[in-house]
Number of protein chains: 2
Amino acid sequence: MTIEIRRFSSQQADFAQQMEGLLSWESVSDAAVQKTVADIIYDIRTRGDEALIEFTNKFDRMEVSSMAELELNQQQLQEALDGLPADRREALLVAAERVRAYHEKQKQDSWSYTEADGTMLGQKVTPMDRVGLYVPGGKAAYPSSVLMNAIPAHVAGVQEIIMVVPTPGGELNQLVLAAAAAAGVSRVFTVGGAQAVAALAYGTDTVPQVDKIVGPGNIYVATAKRAVFGQVGIDMIAGPSEILVVCDGKTDPDWIAMDLFSQAEHDEDAQSILVSTDADYLDAVKASIDKLLPTMERQDIIRTSLTERGALILAKDKDDAIAIANRIAPEHLELSVEDPESWLPTIRHAGAIFMGRYTAEALGDYCAGPNHVLPTSGTARFSSPLGVYDFQKRSSLIMCSADGASELGKTASVLARGEFLTAHARSAEYRIKD
Amino acid sequence: MTIEIRRFSSQQADFAQQMEGLLSWESVSDAAVQKTVADIIYDIRTRGDEALIEFTNKFDRMEVSSMAELELNQQQLQEALDGLPADRREALLVAAERVRAYHEKQKQDSWSYTEADGTMLGQKVTPMDRVGLYVPGGKAAYPSSVLMNAIPAHVAGVQEIIMVVPTPGGELNQLVLAAAAAAGVSRVFTVGGAQAVAALAYGTDTVPQVDKIVGPGNIYVATAKRAVFGQVGIDMIAGPSEILVVCDGKTDPDWIAMDLFSQAEHDEDAQSILVSTDADYLDAVKASIDKLLPTMERQDIIRTSLTERGALILAKDKDDAIAIANRIAPEHLELSVEDPESWLPTIRHAGAIFMGRYTAEALGDYCAGPNHVLPTSGTARFSSPLGVYDFQKRSSLIMCSADGASELGKTASVLARGEFLTAHARSAEYRIKD
């Protein structure tokens, strides 16, 4: 049994339309979802913990009567870590340590310089005080995601990391709790959905108000994050995960088939695309896909994903393959080619670039070090992997000497009067020396 | 005639409520505005230039029949610059050069490191390809704002900077066009409102699609920016401008009164707050306010702003004053004190910090160098001045050696199986050496 996957060439007449059809994606947050979310946010803002308990009982099939039942303590987190099988605990700690080491390189420092007249200019960099980390419940509860979201905040110097994770029916995911312990999470509340986002954004008697909310979630969570943006900071709102593999035709086709599967298995909307300049190689990978698919635990999801959103694309040459990659601006770009470093200068847009045949994207998902929270759906055109910089903020510094203020005052005065802002002008003019 | 300004002390019983009342601000984007904006965006997406011309004729009282009439050329910008009175042109160019010099320090470079087993990890930094700059028309059309938004993009290496500015009734602001020339803007369309935002976000036959939209605007513009967030990047949605002056009581009270006026004159919603540990000094500044206000061109706006949103606050001591500053997380913080450097380490949240008696905030608005686009309404808790970093993006780099992939594969395999993602596990396992 073979699987249907879209296949086309950059040389065919309708290539642009084919690409548009392939890449079109719009997250649907309809009016009903927006209304529900707005109502939930209003309730949390006005009734706080009481509303949070009600929504949690209703949506997560819980029966609690106090917020104390919706908070885990540090001991529970540590016990989850201690209770893991040794190989899992070891793997989690290795991953946490590598992620921490990479993110240490992202820390930015304050800087300043002094001009000839003694005026000092600079930028002071400080961590946020407190951030919220949303962790989805159920099947999408990934411990790796806890590491990837919490460790950059920790490295940035954030003092309080507040995690929320829904526990539908009361079921706790021990690996997620263990990851929270490994990553240095401060407090954990077992709440989720728009109500958890609202509680973090506005605070309740029990849940502290945070400065920024990060982490993936369903359409209610994404809609709530968009709604509270401005009250708090948020990270990018993620679409389905995607990979673009560019291969010169010399990597084992089984490897590439499995790399494509590793995206496709996330969910039916995930997208796996292979570009090659070698038509025979596309055939070979297709044969590997047909051969390996029946052996996969999540073959139904993979089949739907590949059929609905996958593609095998024939490129004319290396430059053409690079143009396709830049057009897609993929979340994950695997350059499974000889000498990937020679490709790098021409790659303009990608969340993460996996270079060479050995660098499976899955290594980056877990433990290579870089973050696995990456811009999706072409947003790599303007956004970046989650990083330490997302948890630091900057303040401009200006300290004028008397001479500096006098000189700058003259320029400011002219410009302010050009804008008819005379208080600005006069404020500057007070500092001009006679 | 004296003016009413709220006055209170941090020692009074209702201090927390006073502060909450003082700082409460919520931009209202009601359902009607949202519906209007959603309809405009839909029209621009489906009918492109035709809709853009219709909306522009309707909202900006224009009578054009083609997009060619809604674009300015580089010669028009240069002529605007050349045609300025010499002192204004000189001031604009001095300001542009200082802003450019400061922002050069913000440029971030790519980095990488190689581990013992040959695995390379890093981060590639690239500019965005194309950004949109919204400039308000009418009374809020500030040339300084063009410099502050366009220059960081230019310094980042953005190749195309597309400016939109409405020209109600067809009236062009020559200083704004001159600033566009000085700042290196690539193209200018005389369109505005939600329709301009939609055109930049989705592109039309004439207006190129951009990767990010920055710049201030009215409630329709802000609502449109929020709606297209995700399709493109956006900057923070700004609230009214604010200043917090902290003074030790030894700066000329006229200077401080004028510094407060310079915020208040922006608009009725602007906020000016003075904190001092010296009650007599608060009286002195109040007297200066009463004395100077009748001499101000924009005294009506200033009076409303100070009465509705201003405050004179008595702090107990230096630590208390700092706590108030951190509570407010002001857009502009003026430390009009002796030895402001000793205050700096304890200031956690502020958009820009103006240090010392000579550093009037107005100097920073125009020409000191740092950006005047700053986080408002307490968002300095989690966001930063507009900067070069807002126009750069990062891609993670991972290039595993054969040995590195083998070792990392073992860890990834264990974690992937813990998440029941077996394609991830098998993809990693292919790279483990036998």
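Chain A is the first sequence line, chain B the second, and so forth, proteins listed ahead of strands; every chain is numbered from 1. Predicted, not measured: the structure shown is a model, and the values here were computed from it.
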Is there side-chain contact between [X] and [Y], with at least one heavy-atom pair below 4.5 Å?
X	Y	result
A:Asn371	B:Ser396	no
B:Glu361	A:Ile398	no
A:Gln108	B:Gln108	yes
A:Ile256	B:Tyr430	no
B:Gln123	A:Gln106	yes
A:Phe229	B:Arg226	yes

Measure from the side-chain N and O atoms of A:Arg394 to the backbone N and O of B:Leu386, and report whether any donor-acceptor pair falls under 3.5 Å.
-> no
Side-chain (B:Lys124) to main-chain (A:Arg348) donor-acceptor, under 3.5 angstrom = no
Using every non-hydrogen atom in the two residues, find where [X] and [Y] come nearest and quote the distance to one decimal.
X	Y	result
B:Cys367	A:Leu408	SG-O, 3.5 Å
B:Gly418	A:Leu175	O-CD1, 3.6 Å
B:Ser395	A:Ile353	CB-CD1, 4.1 Å

Is any side-chain N of the basic residue among [X] and [Y] closer than 4.0 Å to the acidic one's carboxylate O?
X	Y	answer
A:Arg417	B:Asp87	no
A:Asp259	B:Arg431	yes
A:Arg98	B:Glu407	no

Does one side chain, of [X] or [Y], offer a donor that lies under 3.5 Å from an acceptor on the other?
X	Y	answer
A:Arg426	B:Thr295	yes
B:His349	A:Asp129	yes
A:Glu419	B:Ser144	yes

In terms of heavy-atom proximity below 4.5 Å to chain A, should [X] be classed as side chain, backbone, both, or neither?
X	answer
B:Leu421	both
B:Trp111	side chain
B:Asp254	both
B:Glu90	neither
B:Ala238	neither
B:Pro340	side chain
B:Gln174	neither
B:Ala416	both
B:Thr126	side chain

Part of [X] within contact of chain B (heavy atom distance under 4.5 Å):
X	answer
A:Ala329	neither
A:Val210	backbone
A:Pro345	backbone
A:Leu415	both
A:Gln299	neither
A:Ile234	side chain
A:Ala402	both

Gap separating the [atom1] atom of [X] from the [atom2] atom of [Y], nearest 0.5 angstrom:
X	Y	atom1	atom2	answer
B:Leu363	A:Ser427	CG	OG	7.0 Å
A:Leu121	B:Met355	CG	CE	11.0 Å
B:Arg298	A:Thr422	CZ	OG1	7.5 Å

A:Tyr102 and B:Tyr113 aromatic ring geometry - parallel, tilted or perpendicular at 30°/60° bounds | tilted
Within 45 degrees of the axis of the six-membered ring of B:Phe382 and under 6.0 Å from its centre: does A:Lys393 put its NZ or CZ there?
-> no
Evaluation steps, side-chain contact (heavy atoms from CB on, under 4.5 Å), between B:Leu344 and A:Leu397 = CA-CA 9 Å; B:Leu344 202 54; A:Leu397 302 179; 3.7 Å; yes
Has A:Tyr358 got more than 12 heavy atoms of other residues, nucleotides or ligands less than 6.0 Å from its OH?
-> no
Looking at the rings of B:Tyr389 and A:Tyr389, which for Trp means the six-membered one, are their centres under 6.0 Å apart?
-> no
Top contributor to chain B contacts, counting heavy-atom pairs under 4.5 Å, from A:Pro85, A:Ser110, A:Gly122 | A:Gly122
Just one of A:His372, A:His266, A:His332 clears the ring-ring contact (aromatic ring centres under 6.0 Å, His included) bar with B:His424, so which one?
-> A:His266
Are A:Met399 and B:Glu341 close enough, and set up right, to give a side-chain contact (heavy atoms from CB on, under 4.5 Å), and what steps lead you there?
-> CA-CA 9 Å; A:Met399 186 163 72; B:Glu341 286 170 293; 3.4 Å; yes
